[in-house]
Chemist: 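Structure in structure tokens, see below.
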Amino acid sequence: MKRLPLALAALTLLAPATAAAAKPRDLLPDLAQGLPTPIEALIDTSTGTQQTRLVFGSTIANVGEGPLILSAKRAPGASTMTAHQVVRRSDGSSYVRRQVAGTLKFVVASDHRHWHLLRIDRYELWTSNASRRLRRDRKQGFCLGDRYELYPGRRIAHQPRHPGYPGACGKERPDLTHIVEGISVGWGDSYKANIEGQFIDITGIAPGRYLLVHRISRGGLLEVNPYNDVSCAAIELKAPAVVGEAPTVVVAASGKQCTKTYDRWGVPGG
């Protein structure tokens with residue numbers, strides 16, 4: 001049998017490995033919807049009329065291999081920005097997806113003024129058997145950022161040591177024409193109850209059992225796993241002891257009802 005020269009043989013053995021290494025892969029985010037918590041009801045009169053609100057906190061965490069990066073731009077004079085997703089790759093490179101990922105709008109509120117990504121998260125009240133949606137939120141949008149570490153004291157694969165997206169979102173800068181928002185791997189974005197639209201108007205809703213559903217509305221976002229985009233809590237509204245006061249909210253269970261009725265909320269379609 002004819003033997004190959006040693007150098008040539010080595011190159012032949014390395015060729016498949018080199019070819020495989022030359023094909024970088026996408027490092028995609030995996031957005032996980034946290035459970036609605038804490039949950040309570042309160043009476044609000046800030047609009048001039050008495051309104052009963054179901055208020056709650058919410059979180060979106062990134063447990064994927066790559067960061068969620070949104071690069072948004074607008075033309076001079078336009079009131080909104082169009083966002084596109086930037087995808088990191090295993091070789092350190094990145095690219096911008098052509099599909100529109102979302103819309104940003106400069107929001108002026110009593111305690112903040114910055115650019116919001118519209119409708120990435122939705123809050124809904126459903127009947128206890130998930131047969132009908134009763135109410136939904138009116139939240140304007142979200143300022144994405146690394147607001148908490150998912151696993152304090154330890155890091156998961158691809159997680160940076162420090163937050164990469166501070167969550168300022170162009171604060172006090174309505175003049176901006178370009179902005180970048182995102183959530184790093186191992187970090188999450190959180191919102192406290194009853195701020196920035198963190199509530200559902202339940203005025204007129206009778207005492208009884210319901211499902212409070214939180215779901216990520218991905219739109220044009222690309223991620224690894226869409227099946228953790230929804231979470232929910234089974235709650236019971238109990239009539240107040242005094243007419244005009246807020247009902248008492250009892251959280252019966254969380255999580256399991258969502259897996260039984262996924263298709264009700266358009267998962268994984270977003």
Chemist: Search all heavy atoms of E181 against all heavy atoms of W115 and return the closest pair with its distance.
Modeler: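 The pair with the smallest heavy-atom distance is OE2-O, 2.9 Å.
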Chemist: What's the separation between atom CG in L31 and atom CD1 in I216, rounded to the nearest 0.5 Å?
Modeler: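 Spacing of CG (L31) from CD1 (I216) equals 5.0 Å.
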Chemist: Taking atom NE2 of H162 as the centre, does the number of heavy atoms from other residues, nucleotides or ligands within less than 6.0 Å exceed 12?
Modeler: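 Check fails, neighbour count at 12 or below.
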Chemist: Let's go through Y95 and D26 carefully: what are the C-alpha distance in whole Å and the side-chain angles of both, what is the deciding distance for side chain to side chain donor-acceptor pair (under 3.5 Å) to 0.1 Å, and is it a yes or a no?
Modeler: CA-CA 9 Å; Y95 68 92; D26 292 351; 2.7 Å; yes
Chemist: Can you tell me how far the OG1 atom of T45 sits from the CD atom of Q50, to the nearest 0.5 Å?
Modeler: 7.5 Å
Chemist: I'd like to know if the side chain of E40 and the backbone of T248 have a donor-acceptor N/O pair within less than 3.5 Å.
Modeler: no
Chemist: Rounded at 0.5 Å granularity, tell me how far CD1 in I202 sits from CZ in R53.
Modeler: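 Reported to 0.5 Å precision, the distance equals 11.0 Å.
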Chemist: Nearest 0.5 Å, what's the OG1-CZ distance between T177 and R74?
Modeler: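 So the gap between those two atoms works out to 6.5 Å.
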Chemist: In terms of relative ring orientation, are F56 and Y123 parallel, tilted or perpendicular, with 30° and 60° separating the classes?
Modeler: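 Correct class here is perpendicular.
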Chemist: If you round to the nearest 0.5 Å, how far is CZ of R209 from NZ of K238?
Modeler: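 The distance works out to 9.0 Å.
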Chemist: Who else is in V55's hydrophobic cluster (ILVMFWY, side-chain heavy atoms under 4.5 Å, direct or via others)?
Modeler: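 Members other than V55 - counting any ILVMFWY side chain reachable under 4.5 Å - are L42, F199.
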Chemist: ring-ring contact (aromatic ring centres under 6.0 Å, His included): which pairs involve residues 27-49, sequence neighbours left out?
Modeler: none
Chemist: Please determine whether the number of non-hydrogen atoms from other residues, nucleotides or ligands lying under 6.0 Å from atom CZ of R147 exceeds 12.
Modeler: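 More than 12 within 6.0 Å, yes.
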Chemist: Mind running side-chain contact (heavy atoms from CB on, under 4.5 Å) on L70 and L221 for me, showing each step along the way?
Modeler: CA-CA 9 Å; L70 294 179; L221 292 178; 3.5 Å; yes
Chemist: Between D146 (side chain only) and G164 (backbone N and O only), is there a donor and an acceptor less than 3.5 Å apart?
Modeler: yes
